[in-house]
Amino acid sequence: MRYLSTRGHAARPQFCDILLEGLAPDGGLYLPEFYPQVSDATLTKWRGLSYAELAFELLSLYIDDIPAADLKAICDKTYTEEVFGTKEIVPLRPLGDGLYLEALSNGPTLAFKDMAMQLLGNLFEYELARRGEELNILGATSGDTGSAAEYAMRGKKGVRVFMTSPDGRMSPFQQAQMFSLQDDNIHNIAITGVFDDCQDIVKAVSNDLTFKRQYKIGTVNSINWARLMAQVVYYFAGYFQATKTNAEKVSFTVPSGNFGNVCAGHVARSMGLPIDKLVVATNENDVLDEFFRTGVYRVRGSADTHETSSPSMDISKASNFERFVFDLLGRDGGKTRSLFHDQLASQGSFDLSADPAFAQAVSRYGFASGKSIHADRLATIRDTYQRFGTMIDTHTADGVKVAREQLTPGVPMIVLETALPIKFAATIQEALGQPPSRPARFEGIEALPKRVKVMPADAELIKRYIAENVH
Ligand SMILES: *Cc1c(COP(=O)(O)O)cnc(C)c1O
């Protein structure tokens, strides 16, 4: 398998080259040259597999520069009951009316990002050892991404993590999760500023090419193809649990921010998995819902980006969306480039409403969308708890609310559970008048010693800190 850029660059790298790279050289995102098709016979064969075996079969279609036995070992070591809590790894729970919750949040940091990041950690360690190289991951987080990255990379050879976060602005639980890590290769940097300051620092350091090369600076953000590919696996696993035969279809509703999670659903559907609808659920930051309703993609300014009670979906633009638009436009790299590079930069938006391709987002690709606001979240959390005894987190609640509006009789609707409620305790308390339950292994983590360096929002000081801690 070779990979291409959504903006038409001529290079065709293999998997391991794009694994350690972020963007393509022309600023585009990588996609496989084609989506391998999964036949009826293959689906039948895959039905009986364990999650790790399924991951191996699927990944093998996209990775041909790692020997099969090594890739198998990586999958086996990643997707274990010990790490993800159950033998099924992503079990389904019914919530009435043909609606199911797919549990993706029982990994080390209690959010779905572990599903991909745990694999990424093992792939990085493998590939860096093979090349005799090292990598220093520099990131900015307001919560879930940073902790998932740290738990995936802790103790891994050849990798260090320097994770910036806005000082005092993450939930106490999220701070405790990250700052209690004592591994030598994990560095928490609390910036006295807001999340945008953290992102600016990452940008400034990455734009210093001399420094970047000398200190082997890399990222783990959601545009990495390996993360997206790992997420494709749980769409198949969810489908197999909700159906008995390959003649049945299911729909998925996905709480969405950067469009990474639901883009994996688009890949699964493009491979031939019998998915009816892919429903994009947004919060008040409804960039994506607006696009699927109107054909207009309008990036928001920071004044226009709301701070909500489902904060991991508080985005101003959806960084993975370019992948879907590239497919929607018949994989026209020139056209994608002109939309994302030229029009977004000059006008902050583009409009596909008059393009015949736009209608295909629904008719050919199965997309639908909806929006949920704070009052919806509270009502949905309450309703789900009262009727089913199940506590859901605020992001998952956005999904359940929108999913109930999109039900088709006879078609199971699977909502992806993107985090556990304990991560967003204040809103659960507001909705239910009681705190969320806490998995036993997280009892008392707020009291553990914290390892964090507080620093001002100054890229030069961060560079110096990295240089001092790379040895
Ligand atoms: C990251 C995240 C999302 C959004 O996922 P995208 O891939 O960015 O669409 C939703 N919910 C939670 C809890 C998250 O951590």
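Both counts, for ligands and for their atoms, begin at 1 and track the order of listing. Along the sequence shown, residues carry numbers from 1.
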If you measure from each non-hydrogen atom of [X] to ligand 1, which part falls under 4.0 Å: side chain, backbone, both or neither?
X: Met313; value: side chain
X: Phe259; value: backbone
X: Thr418; value: both

Basic-acidic side-chain contact under 4.0 Å: [X], [Y]:
X: Asp355; Y: Lys335; result: yes
X: Arg298; Y: Asp351; result: no
X: Arg93; Y: Glu417; result: yes

Interfacing atoms of ligand 1 (cut-off 4.0 Å, heavy-atom, [X]):
X: Phe112; answer: 1 (C), 2 (C), 3 (C), 5 (O), 7 (O), 14 (C)
X: Lys113; answer: 1 (C), 2 (C), 3 (C), 14 (C), 15 (O)
X: Ala419; answer: 13 (C)
X: Ser256; answer: 9 (O)
X: Gly260; answer: 6 (P), 7 (O), 9 (O)
X: Asp144; answer: 12 (C), 13 (C), 14 (C), 15 (O)
X: Asn258; answer: 6 (P), 8 (O), 9 (O)

Identity and separation of the nearest protein heavy atom to atom 4 (C) of ligand 1: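 Protein heavy atom at minimum distance: Gly257 N, 3.6 Å.
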
Quiz item: cation-pi between Arg293 and Phe291, 6.0 Å / 45°: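 No cation-pi geometry.
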
Lys NZ or Arg CZ of Arg323 over Tyr365 ring: under 6.0 Å, within 45°: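 No.
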
Between Ser310 and Arg377, a side-chain donor and acceptor under 3.5 Å: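 A pair is found: one side chain offers a donor N or O, the other an acceptor, under 3.5 Å apart.
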
Distance-only N or O hit between ligand 1 and Asn261, under 3.5 Å: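 N/O-N/O distance below 3.5 Å exists for this pair.
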
Heteroatom distance test (Ala111, ligand 1): nitrogen or oxygen, under 3.5 angstrom: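 Not met; the criterion fails.
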
Nearest atoms (heavy-atom pairs only) where Met163 meets Ala149: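 For Met163 versus Ala149, the nearest heavy atoms are CE-CB, 4.1 Å.
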
Neighbour count >12 (heavy atoms, 6.0 Å) for atom NZ, Lys156: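 Counting other residues, nucleotides and ligands, NZ of Lys156 exceeds 12 neighbours.
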
More than 12 heavy atoms from other groups under 6.0 Å of NE2 on His341: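 No, NE2 of His341 has 12 or fewer neighbouring heavy atoms, counting only those of other groups under 6.0 Å.
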
